[in-house]
Amino acid sequence: NIVVDGREQLTLCGIQDFASGATLIWGTEMEETHNHLLPDCERHTRAKSHLFSTCLVPSGPDSFDVEYVLQLEIGGNIPGFLPQPILVE
């Protein structure tokens, strides 16, 4: 691929449930010193999701609101305008 090659990640994740019915799903990228936890083979470019979280909050009997936060470092050869911040409501 000319723009982006394959990516790999090693993350630590968790889920927190709240009495209100809301749920927080979170994760953080492990440091380079944890590479020994990956399979012993050729390494690919690491996509760094420094922090991500998704918050699900019930908004009705069959619906919920979602807030997603992602802080990342893509690495490799990708144009700077592609990973720019976005906001969708």
Side-chain angles (χ1 to χ4, degrees):
N1 190 327
I2 294 174
V3 178
V4 179
D5 57 356
R7 296 290 187 260
E8 64 184 6
Q9 287 187 292
L10 180 62
T11 57
L12 172 66
C13 303
I15 299 175
Q16 292 176 283
D17 294 319
F18 297 93
S20 66
T23 300
L24 180 65
I25 304 167
W26 60 270
T28 185
E29 178 74 21
M30 303 298 284
E31 298 295 327
E32 299 290 336
T33 57
H34 298 106
N35 279 348
H36 68 280
L37 298 172
L38 293 165
D40 188 23
C41 59
E42 179 186 354
R43 299 276 44 94
H44 298 281
T45 304
R46 293 270 300 272
K48 302 289 178 67
S49 296
H50 298 292
L51 174 66
F52 69 86
S53 66
T54 303
C55 183
L56 307 169
V57 179
S59 58
D62 296 318
S63 62
F64 55 89
D65 292 335
V66 177
E67 180 179 315
Y68 186 76
V69 176
L70 175 64
Q71 177 188 11
L72 59 90
E73 175 186 331
I74 296 173
N77 186 23
I78 186 167
F81 68 89
L82 289 176
Q84 292 301 313
I86 60 170
L87 175 64
V88 178
E89 291 208 25

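No experiment lies behind these values; they were computed from the predicted model shown.
Through direct or relayed side-chain contacts under 4.5 Å between Ile, Leu, Val, Met, Phe, Trp and Tyr, Phe18 connects to Leu24. Grouped by direct or indirect side-chain proximity (heavy atoms under 4.5 Å, Ile/Leu/Val/Met/Phe/Trp/Tyr only), Ile15 sits with Ile25, Leu56, Phe64, Val66.
Residues meeting the side chain to side chain donor-acceptor pair (under 3.5 Å) test with Asp40, sequence neighbours left out: none. Applying the side chain to side chain donor-acceptor pair (under 3.5 Å) rule to Ser20 yields no partners; only residues at least two apart in sequence or on another chain are considered. Among residues two or more places apart in sequence or in another chain, the side chain to side chain donor-acceptor pair (under 3.5 Å) test is passed with Thr23 by Asp17.
Separating the OG atom in Ser53 from the OH atom in Tyr68 is a distance of 8.5 Å, to the nearest 0.5 Å.
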